[in-house]
K.L.:
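What follows is a single structure, and I will ask about it in a moment.
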Amino acid sequence: TWEKMRALSRKLDRPLVAGSDTHQSFQYGCIYNVFEKECVTVKEIREQIEKEAYEIRISQMASFQVKTAGLLKKSLKEINALGGDYVTLLVKGA
């Protein structure tokens, strides 16, 4: 996947940065950007990306985090299919 993303980035002449479509908290921090300087505004982030003043990092626990999130998602769908209210279950557990 990494090589495919890198190739697409080059083809589109756009920088490759980490992004997230996280739906489960277990996945937070799996893949992230580390900028050379602290950014406060979107403009600052854009400038750092354009200068390629960042690196993409992957958590050593990424595989575990993704698998755990997948199991949680499957469990929540099963609770829902059985007629349960998993939103209430999650809120009560918090």
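Counting from 1, the numbers follow the sequence of the chain as shown.
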K.L.:
Would you call I56 and W2 a side-chain contact if the rule is heavy atoms closer than 4.5 Å?
P.N.:
yes

K.L.:
Atom CG of N33 and atom CD1 of I45: how far apart are they, to the nearest 0.5 Å?
P.N.:
9.0 Å

K.L.:
Do F64 and L72 land in one hydrophobic cluster if side-chain heavy atoms of ILVMFWY residues count as linked below 4.5 Å?
P.N.:
no

K.L.:
Does M5 offer a backbone N or O that forms a donor-acceptor pair with the side chain of S9 under 3.5 Å?
P.N.:
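Absent.
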
K.L.:
Side chains of K74 and E78: closer than 4.5 Å at any heavy-atom pair?
P.N.:
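SC-SC contact between K74 and E78 ruled out.
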
K.L.:
Nearest 0.5 Å, please: how far is CD in E44 from CD in E47?
P.N.:
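Between atom CD of E47 and atom CD of E44 there are 7.0 Å.
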
K.L.:
Determine whether V66 and Y32 fall in the same hydrophobic cluster, where Ile, Leu, Val, Met, Phe, Trp and Tyr are linked whenever their side-chain heavy atoms lie under 4.5 Å apart.
P.N.:
no

K.L.:
Which pairs pass side chain to side chain donor-acceptor pair (under 3.5 Å) with one or both residues in residues 51-61, sequence neighbours excluded?
P.N.:
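Output for this query lists E55-R57, S59-Q65.
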
K.L.:
Using the test side chain to side chain contact (heavy atoms under 4.5 Å, CB included), find all partners of L12 that sit at least two apart in sequence or belong to another chain.
P.N.:
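For L12, the residues satisfying side chain to side chain contact (heavy atoms under 4.5 Å, CB included) (neighbours in sequence not counted) are L8, R14.
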
